[in-house]
Amino acid sequence: MSEENLKKLNELNHPYMMEVIENYINLLKPGKVTVSTDNQEDINYIRELAIRNGEEKKLAMEGHTIHYDGYYDQARDKENTCVLVTPEMKMSKVINTREREAGLAEVHAIMDGAMEG
């Protein structure tokens, strides 16, 4: 993370958020971390990046784009999607659930290094 991006986070003065972000940077191992604010420069950066990456394409109307999802990212896989719950939480029997800590451990194992490079 650049000094400029770290400064944006530090200005929020939120230690817990900083801890969460640091933990997920360490887990995912991204090649770059960008902090986006609501300023126009940050908004333009994200828009242009989406176009460069092929996630969006420009439309004829200035400032408008169309977004494309991946072919296999069209719907939720109900059989393999579950809600992570704690013992006191009650869900309908038709909702697939999983104990929260076990589910988080599985997801974190899958995510380890997912953004490397």
Side-chain angles (χ1 to χ4, degrees):
M1 182 182 311
S2 72
E3 289 296 321
E4 178 184 345
N5 283 295
L6 184 57
K7 182 177 183 257
K8 291 177 188 179
L9 287 179
N10 284 331
E11 287 173 355
L12 297 173
N13 192 27
H14 197 303
Y16 176 72
M17 181 197 59
M18 294 293 285
E19 179 183 336
V20 170
I21 291 170
E22 181 178 2
N23 287 341
Y24 279 95
I25 289 172
N26 290 331
L27 176 67
L28 296 166
K29 302 169 184 66
K32 179 181 179 184
V33 176
T34 301
V35 178
S36 177
T37 67
D38 60 354
N39 78 41
Q40 196 59 48
E41 184 179 331
D42 289 349
I43 293 167
N44 291 344
Y45 170 78
I46 292 170
R47 286 181 173 165
E48 290 302 317
L49 186 62
I51 291 167
R52 264 197 325 266
N53 289 340
E55 298 165 355
E56 296 190 4
K57 298 226 184 273
K58 288 185 177 185
L59 295 175
M61 185 181 291
E62 182 65 33
H64 289 256
T65 60
I66 185 168
H67 178 82
Y68 294 97
D69 286 329
Y71 178 81
Y72 294 105
D73 191 21
Q74 298 300 313
R76 181 170 56 91
D77 178 355
K78 291 181 183 178
E79 186 175 322
N80 294 299
T81 300
C82 56
V83 175
L84 303 182
V85 297
T86 58
E88 67 276 2
M89 295 172 73
K90 302 295 180 220
M91 294 283 172
S92 166
K93 297 215 183 291
V94 299
I95 297 174
N96 190 12
T97 62
R98 178 129 191 229
E99 191 275 321
R100 179 176 168 75
E101 292 308 314
L104 285 173
E106 178 184 359
V107 169
H108 287 155
I110 293 167
M111 292 171 65
D112 190 12
M115 297 177 83
E116 199 163 5

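What's counted below: heavy atoms across the whole structure, side chains too, no hydrogens, waters or symmetry copies.
Residues satisfying the salt bridge (Lys or Arg N to Asp or Glu O under 4.0 Å) criterion with Lys7, sequence neighbours excluded, are Glu11. Not counting sequence neighbours, Asn13 has no partner by the side-chain contact (heavy atoms from CB on, under 4.5 Å) test.
Within 6.0 Å of the CE atom in Met89, the count of heavy atoms belonging to other residues, nucleotides or ligands exceeds 12.
The closest donor-acceptor contact from the side chain of Asn39 to the backbone of Glu41 lies under 3.5 Å. Judged by distance alone, with hydrogens and angles left aside, the side-chain atoms of Asn96 form a donor-acceptor pair with the main-chain N or O of Glu79 at under 3.5 Å.
Here NE2 of His64 is found 8.0 Å from CG of Leu59. Values are rounded to the nearest 0.5 Å. Put simply, CE on Met115 and CE on Met111 are 9.0 Å apart, with the number rounded to the nearest 0.5 Å.
Grouping Ile, Leu, Val, Met, Phe, Trp and Tyr residues whose side-chain heavy atoms lie under 4.5 Å apart, directly or via other members, places Leu104 in a hydrophobic cluster with Leu84. Grouping Ile, Leu, Val, Met, Phe, Trp and Tyr residues whose side-chain heavy atoms lie under 4.5 Å apart, directly or via other members, places Leu12 in a hydrophobic cluster with Met1, Leu6, Leu9, Met17, Met18, Ile21, Ile25, Val33, Val35.
A side-chain hydrogen bond (donor to acceptor under 3.5 Å, both in side chains) check over residues 86-95, counting only residues at least two apart or in different chains, returns the pairs Thr86-Glu88. Among residues at least two apart or in separate chains, side-chain hydrogen bond (donor to acceptor under 3.5 Å, both in side chains) pairs with a member in residues 21-34 are Tyr24-His108, Lys29-Asp112, Lys32-Tyr45.
Hydrophobic clustering (side-chain heavy atoms under 4.5 Å, transitive across Ile, Leu, Val, Met, Phe, Trp, Tyr) groups Ile95 together with Val85.
Side chain to side chain, Asn44 and Gln40 meet the donor-acceptor criterion of an N or O pair below 3.5 Å.
Using a 4.5 Å cut-off on side-chain heavy atoms (C-beta onward), Thr65 and Arg47 make no contact.
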